[in-house]
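Residue numbers start from 1 in every chain, and the chains themselves are labelled A, B, ... in the order their sequence lines are given, proteins ahead of strands.
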Protein chains: 2
Amino acid sequence: MQPARRLYRRESEETRRSALIAATQDLVAEGGPEAATVRAIAERAGVTPGLIRHYFQSKDELSRAAYRALMDGMTAKGADAIEAVGAKPEERLAAFIAASLRPPVLDAGAVVLWAGYMHKVRSDPDLMAVHEASYLAYRDTLQKLIETLPRTLLPGQTRAEAIACNALIDGLWVEGSLLPATFAPGEVITIGLASVGAILGVDLLAHTAMLPEFGKTLP
Amino acid sequence: MQPARRLYRRESEETRRSALIAATQDLVAEGGPEAATVRAIAERAGVTPGLIRHYFQSKDELSRAAYRALMDGMTAKGADAIEAVGAKPEERLAAFIAASLRPPVLDAGAVVLWAGYMHKVRSDPDLMAVHEASYLAYRDTLQKLIETLPRTLLPGQTRAEAIACNALIDGLWVEGSLLPATFAPGEVITIGLASVGAILGVDLLAHTAMLPEFGKTLP
DNA sequence: GCGACGATTATACGAGCGTGTAACAGATCG
DNA sequence: CGATCTGTTACACGCTCGTATAATCGTCGC
């Protein structure tokens with residue numbers, strides 16, 4: 001008697017691709033890049049290893065897709081946050097910062113995933129382009145938000161400020177994600193808003209009523 | 001005729017261990033963790049693969065030693081910088097920050113190495129201890145330097161400030177290392193000093209005469 | 001319903017991995 | 001100068017990796 005062949009359902013290309021990408025991201029986030037083998041990815045996605053090569057030319061292409069999806073997802077969260085609030089410059093900047101410092105962006109898995117791909121980003125021109133696009137888009141959004149603040153500006157000032165604020169947010173993102181137990185709820189956001197405010201000379205903590213971390217604690 | 005057996009010299013344990021550790025760090029920095037195979041490490045260190053197991057119980061132990069050496073080296077650079085300057089609080093803080101934002105601490109290889117080990121740090125209690133010790137030592141040094149500044153303090157203020165400054169320096173370290181072409185020489189240090197100064201309410205850029213990046217440009 | 005298409009599985013292959021073990025040879029000491 | 005010790009090499013083993021290819025069987029148009 002033959003061993004039973006595995007039963008399966010046909011799924012759309014979209015479904016399979018996103019399932020494989022999600023499985024890859026989960027495995028890298030949990031166990032680092034070396035845990036994301038084709039066999040582990042397939043098992044996590046509920047398929048057999050061969051199917052990966054049916055939807056992706058190689059495992060490397062799946063890896064690239066997973067990184068792309070990570071970066072796209074994170075930048076999308078920032079853009080969403082800006083759209084959800086009013087027109088006041090301080091409010092929009094505060095919402096943008098807060099979105100980067102709360103889940104799902106603030107997440108240990110996301111940081112490990114980001115870190116795990118760092119060397120591939122440096123060696124693969126395709127991934128480098130994805131990275132630069134995300135990075136510059138983020139910094140550009142930040143710089144534009146900074147420029148709308150009601151201040152008197154010196155020439156060339158906002159570039160340095162955007163770099164500094166970007167670095168600060170990145171650093172808090174890493175530390176807040178990796179050592180969440182070290183911080184009180186919302187503390188990372190508070191520190192981020194206070195520090196960015198200090199760098200820019202504006203009081204962002206006075207414009208937090210619309211943030212879920214602050215709005216509900218008012219009497 | 002037998003193939004010639006490879007010639008070799010006996011070396012001290014110290015020499016061999018550090019050579020293997022350096023080879024591991026170089027390979028991870030260049031090609032990520034998966035490039036640091038026992039065969040590649042041995043070749044880079046000028047020995048044969050078997051010798052690794054003579055000095056380290058396993059490849060994992062060598063990996064841990066390499067990470068430990070990285071973290072020790074970076075924290076040592078910060079301590080050195082403080083000792084090399086005078087007693088003025090602003091000067092000492094500025095020297096500490098600058099040391100973290102110039103080579104050899106500011107280095108793409110160091111960042112890729114640090115990132116490559118991130119998931120192992122999270123899963124290996126031994127490495128986690130190394131990481132926490134380094135991280136807290138750095139933040140503690142920073143906080144003590146902040147507390148010596150001539151300011152009137154609110155209770156609990158310096159903790160948040162140290163977290164923010166630490167995050168800012170970390171973020172600049174990553175970005176300045178990965179995209180060095182994006183910044184003018186010394187620009188990362190200037191931005192770091194200006195931003196930390198803004199967060200703390202002191203002018204650190206007025207105390208940079210003893211830094212190599214600034215001292216020599218004076219008339 | 002049934003035939004054809006192709007999404008999916010099954011299986012095999014070569015390469016490279018970390019590791020264990022035995023033989024060799026450079027240094028040291030009497 | 002020869003015996004001993006051990007740092008070092010050499011080699012083999014089992015495993016897992018990514019990939020290639022052929023067989024299968026769900027699905028959909030007719």
Protein-nucleotide distance ([X], atom [atom1]; [N], atom [atom2]), rounded to Å:
{"X": "A:L51", "N": "D:dT21", "atom1": "CG", "atom2": "C1'", "value": "15 Å"}
{"X": "A:I52", "N": "D:dA20", "atom1": "CD1", "atom2": "P", "value": "14 Å"}
{"X": "A:E43", "N": "C:dA10", "atom1": "CD", "atom2": "P", "value": "13 Å"}
{"X": "A:L7", "N": "D:dC25", "atom1": "CG", "atom2": "P", "value": "9 Å"}

message: Let's see if you get this right: which residues in residues 112-123 of chain B place a heavy atom under 4.0 Å from DNA chain D?
response: none
DNA chain D-proximal residues of residues 53-70 of chain A, any heavy atom under 4.0 Å: A:R53, A:S58, A:K59
query: Under the criterion side chain to side chain donor-acceptor pair (under 3.5 Å), which of B:H131, B:R64, B:H119 is the partner of B:D124?
result: B:R64
task: State which residues pass ring-ring contact (aromatic ring centres under 6.0 Å, His included) with A:F56; sequence neighbours excluded, sorted by chain then number.
output: none
message: Taking the basic N atoms (NZ, or NE/NH1/NH2) and the acidic carboxylate oxygens, is any pair closer than 4.0 Å for A:E30 and A:R44?
response: yes
What residue pairs, at least two apart or across chains, pass ring-ring contact (aromatic ring centres under 6.0 Å, His included) with a residue in [range]?
{"range": "residues 169-189 of chain A", "result": "A:W114-A:W173"}
{"range": "residues 14-48 of chain A", "result": "none"}
{"range": "residues 20-41 of chain A", "result": "none"}

query: Pairs in or reaching into residues 184-200 of chain A: which pass side-chain hydrogen bond (donor to acceptor under 3.5 Å, both in side chains), with residues at least two apart or in two chains?
result: A:E187-B:R159
Pairs under 3.5 Å (N/O, protein and nucleotides 13-15 of chain D):
none

message: Using five pairs at each end of the helix from C:dG1-D:dC30 to C:dG30-D:dC1 to define an axis, what is the angle between those two axes, to 10°?
response: 10°
- line: The single option from B:L101, B:T208, B:L172, B:L106 that satisfies side-chain contact (heavy atoms from CB on, under 4.5 Å) with B:I189 is B:L101
- request: Using the salt bridge (charged side-chain N to carboxylate O under 4.0 Å, His left out) rule, collect all pairs that involve residues 160-170 of chain B, keeping only residues at least two apart or in two chains.
  value: B:R151-B:E161
message: Strictly below 4.0 Å: does B:R5 bring a side-chain N or O up to OP1 or OP2 of C:dC24?
response: no
Close residues, residues 10-38 of chain A, relative to DNA chain C [heavy-atom separation under 4.0 Å]: A:R10, A:E11, A:R16
field: hbond_proxy B:Y8 side chain to C:dG26 base (donor-acceptor, 3.5 Å cutoff)
entry: no
- prompt: Sequence neighbours excluded, which residues qualify as side-chain contact (heavy atoms from CB on, under 4.5 Å) partners of B:E83?
  reply: none
